Amino acid sequence: MKKGFIFDLDGVIVDTAKYHFLAWKKLANGLGIDFTSEQNEQLKGVSRVRSLEKILSWGNKTLSPEEFSELMAKKNDDYLSYIAQMDDSEILPDVPKILHYLIDNEQGIALGSASKNARAILEKVHLIEKFQAIVDGTNVSKAKPDPEVFLNAATELEIQPKDCVVFEDSVAGVQAANAANMISIGIGSKEVLHEADYVFNDFTEISIEFIEDIIKK
């Protein structure tokens with residue numbers, strides 16, 4: 001029996017949310033806009049364009065198209081400067097345990113992330129060779145909750161969507177997995193990710209027995 005296991009990146013494999021927060025906060029504060037960690041939660045799984053639009057609306061600010069593009073680039077430059085310092089110590093607990101089990105049992109493994117920096121991050125944390133397919137922000141046109149990213153990953157794995165399992169930490173990501181007719185596993189709060197088929201706080205709560213049962217379904 002073979003399933004396709006598709007992992008989101010930010011908040012699932014590594015916690016790059018803190019670096020997004022620092023970069024967005026620097027940008028917002030530079031515009032005279034306060035930016036809280038609660039507001040940052042609303043940007044999870046959201047594109048860079050939409051994120052900047054939200055921040056501007058919170059601060060009641062308007063920008064010219066040129067200024068908007070400049071700030072988008074500046075935010076990404078700041079974010080890249082943070083992730084350039086990453087190493088494999090930033091892999092979230094027990095993610096390698098699950099990856100190794102899936103590899104040993106010849107399951108399909110893919111990345112399905114909105115991040116255009118996904119490959120660079122996977123290289124930094126020495127995980128890129130674990131993935132048979134990588135679908136990221138450079139090769140999808142529709143953001144989650146559209147299921148495009150996960151459907152493309154299933155196609156690359158050559159596994160039917162109904163036989164795929166998605167690990168996600170955002171509401172939009174869970175909705176995308178459900179729309180793709182895949183098993184959705186939320187990583188985070190049950191209250192937030194209640195639309196997922198299963199929810200765990202993190203991978204330390206996911207047993208090998210649970211993964212075995214998912215493979216057999």
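In this text, all values refer to a predicted model and were calculated from it rather than measured experimentally.
Here Glu195 pairs with Gln175 under the side chain to side chain donor-acceptor pair (under 3.5 Å) rule; sequence neighbours left out. For Ala133, the side-chain contact (heavy atoms from CB on, under 4.5 Å) criterion is met by Ala110, Glu156, Leu157, not counting sequence neighbours. With sequence neighbours left out, the side-chain contact (heavy atoms from CB on, under 4.5 Å) criterion links Leu193 to Val171, Val174, Val199. Residues passing the salt bridge (Lys or Arg N to Asp or Glu O under 4.0 Å) test with Glu90 are Lys18, sequence neighbours excluded. Take Glu205 and apply the side chain to side chain donor-acceptor pair (under 3.5 Å) test, not counting sequence neighbours, and it matches Asn201. Under the rule for a side-chain contact (heavy atoms from CB on, under 4.5 Å), the partners of Val140 that lie at least two apart in sequence or sit in another chain are Val135, Glu148, Val149, Asn152. Under the salt bridge (Lys or Arg N to Asp or Glu O under 4.0 Å) criterion, Lys2 pairs with no residue at all, not counting sequence neighbours. With sequence neighbours excluded, no residue satisfies side-chain contact (heavy atoms from CB on, under 4.5 Å) with Glu129.
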Residues 4-15 side chain polar contacts: donor-acceptor under 3.5 Å, at least two apart:
| residue | atom | partner | partner atom | Å |
| --- | --- | --- | --- | --- |
| Asp8 | OD1 | Lys144 | NZ | 3.2 |
| Asp10 | OD1 | Thr16 | OG1 | 2.4 |
| Asp10 | OD2 | Thr16 | OG1 | 3.4 |
| Asp10 | OD2 | His20 | NE2 | 3.3 |
| Asp15 | OD1 | Ala17 | N | 3.3 |

Identify all side-chain donor-acceptor contacts of residues 116-126 below 3.5 Å with residues at least two apart in sequence or on another chain.
| residue | atom | partner | partner atom | Å |
| --- | --- | --- | --- | --- |
| Asn117 | ND2 | Asn76 | OD1 | 3.3 |
| Arg119 | NH2 | Ile134 | O | 3.3 |
| Lys124 | NZ | Ala84 | O | 3.0 |

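No side-chain heavy atom of Asp94 sits less than 4.5 Å from a side-chain heavy atom of Asp202. In this structure, Val49 and Phe68 have side chains that are in contact, with non-hydrogen atoms separated by less than 4.5 Å.
Among pairs with a residue in residues 174-217, those fulfilling ring pair (Phe, Tyr, Trp, His ring centres under 6.0 Å) read Phe167-Phe203, Tyr198-Phe210, Phe200-Phe210, at least two apart in sequence or across chains. Judged as a side chain to side chain donor-acceptor pair (under 3.5 Å), the pairs with a partner in residues 50-70 (not counting sequence neighbours) are, in order, Arg50-Glu53, Ser64-Glu66, Ser64-Glu67.
Not one N or O on the side chain of Ser113 forms a donor-acceptor pair closer than 3.5 Å with the backbone of Asp136. With hydrogens and angles disregarded, no donor-acceptor distance shorter than 3.5 Å links the side chain of Asp213 to the backbone of Lys217. A donor-acceptor pair under 3.5 Å is formed between the side chain of Gln39 and the backbone N or O of Thr36.
Geometrically, Lys97 does not engage Tyr101 in a cation-pi contact, judged by NZ or CZ lying under 6.0 Å from the ring centre and within 45° of the ring axis.
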